[in-house]
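Notes follow once the structure below has been shown.
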Amino acid sequence: MKRSRSAGQWLRRHVTDPYVREARAAGYRSRAAFKLIEIDRRDHLLRAGACVVDLGAAPGSWSQVAAARVGATGRVIAIDLLPVAPLPGVHILRADATSRAGREAIEALLPAAGADLVLSDMAPNLSGVAASDQARSAELVEAALAFASGALRRGGDLLVKLFQGPEFTRLRGESSAAFDRVMVRKPGASRDASAELYLLCRGKREDRAVAV
Ligand code: SAM
């Protein structure tokens, strides 16, 4: 079968990528693990005993990192549209995190106080058309913000992926209204060519408002 030029470029980049090699050596399911590890090293998000919700978790490398950091006294709840193979210490749900059924399934696993940290690495299937990819990413950021307002305890944190685009300023503003501090992170493991960024939202202002 003839391989397309972009598939060939992806393969070349994949086999020469140091993060791919490191992920394999460390037993992580994807190089994305290093994005969370790097942000956590700088910002100290993951704490022993914490309850962490991982939205858009497949194949599961962020959940692997989170489960190791929160330890046996913590809890990690992972959700994705795609299957995630079992991981020790992680409750795995297969559902749309933006749907009522998905939110209810997560809510049933949360402690009464709520989650300490919501992670969202959710990304749409990229079409290559920047405007539509940015718009669909913005919808996922909105969904993560709405979810966090119900699930996070007061003082909790949210780390959410978004693609740079015209919605950036509005989404940052919405986040700033709900959290004490909002910072932008672009970890080294996030490819320069990728428009992805992470908003790190710290210190949720309100108590949780559960509305599944
Ligand atoms: N953080 C993951 C890791 O470390 O393995 C990688 C996540 S991957 C970049 C993005 C994921 O978001 C995909 O698996 C996709 O299925 C998921 N996703 C996109 N929209 C979603 C939705 N509405 N509900 C649940 N998952 C979603």
Side-chain angles (χ1 to χ4, degrees), residues 10 13-14 17 19-41 45-46 52-70 76-109 115 117-128 132-148 150-151 157-164 167 171 185-191 193-200 212:
W10 180 88
R13 205 174 54 198
H14 191 75
D17 184 333
Y19 290 107
V20 172
R21 276 202 304 273
E22 243 189 284
R24 206 167 289 141
Y28 291 123
R29 290 180 180 175
S30 117
R31 68 188 293 292
F34 295 105
K35 302 178 191 176
L36 180 59
I37 289 170
E38 188 180 325
I39 293 171
D40 186 48
R41 200 168 280 150
L45 286 178
L46 295 162
V52 178
V53 180
D54 184 7
L55 307 176
S61 69
W62 280 25
S63 285
Q64 288 179 288
V65 172
R69 295 283 204 284
V70 304
V76 178
I77 303 162
I79 184 167
D80 204 290
L81 295 165
L82 301 175
V84 176
L87 281 169
V90 181
H91 298 267
I92 293 167
L93 301 167
R94 185 172 180 189
D96 180 346
T98 69
S99 70
R100 186 186 174 98
R103 292 194 302 272
E104 281 176 348
I106 299 170
E107 184 60 38
L109 294 170
L117 172 65
V118 172
L119 305 171
S120 174
D121 200 22
M122 285 193 288
N125 281 329
L126 296 181
S127 66
S132 82
D133 290 343
Q134 285 159 3
R136 288 163 61 228
S137 159
E139 283 170 18
L140 293 175
V141 176
E142 303 247 27
L145 273 167
F147 173 78
D157 301 321
L158 166 69
L159 177 68
V160 57
K161 183 200 330 252
L162 87 171
F163 291 112
Q164 273 168 296
E167 301 282 11
L171 291 168
R185 296 286 181 256
K186 174 80 176 172
S190 177
R191 295 189 167 101
S194 162
E196 84 176 359
L197 291 173
Y198 291 87
L199 283 184
L200 174 57
V212 284

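The first residue of the sequence shown is numbered 1, and numbering continues consecutively from there. Numbering of ligands and ligand atoms starts at 1, following listing order. Computation of the quantities below employed the complete heavy-atom set of this structure, encompassing side-chain atoms and omitting hydrogens, waters and symmetry-equivalent molecules.
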**Message:** If the condition is side chain to side chain donor-acceptor pair (under 3.5 Å), which residues does E142 pass it with, not counting sequence neighbours?
**Reply:**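 Partners of E142 under the side chain to side chain donor-acceptor pair (under 3.5 Å) test: R170.
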
**Results of side chain to side chain donor-acceptor pair (under 3.5 Å) for R29 - residues two or more places apart only** =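 Not a single residue meets the side chain to side chain donor-acceptor pair (under 3.5 Å) criterion with R29.
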
**Asked** Under a strict 4.0 Å criterion on non-hydrogen atoms, which protein residues are in contact with ligand 1?
**Response**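 These residues qualify: A32, G56, A57, A58, P59, G60, S61, W62, D80, L81, L82, A95, D96, A97, T98, D121, M122, A123, K161.
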
**Request:** For the pair R100 and E104, find out whether any cationic side-chain nitrogen is under 4.0 Å from an anionic carboxylate oxygen.
**Result:**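 Answer for the salt bridge query: yes.
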
**Item:** salt_bridge(D121, K35) N-O dist < 4.0 Å
**Value:**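 Judged by the 4.0 Å cut-off on N to carboxylate O distance, D121 and K35 do not form a salt bridge.
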
**Partner set under salt bridge (Lys or Arg N to Asp or Glu O under 4.0 Å) for E22, not counting sequence neighbours** =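 Checked E22 against salt bridge (Lys or Arg N to Asp or Glu O under 4.0 Å); zero matches.
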
**Item:** Spacing of I79 atom CD1 and S99 atom OG [to the nearest 0.5 Å]
**Value:**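 Nearest 0.5 Å value for the CD1-OG distance: 6.5 Å.
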
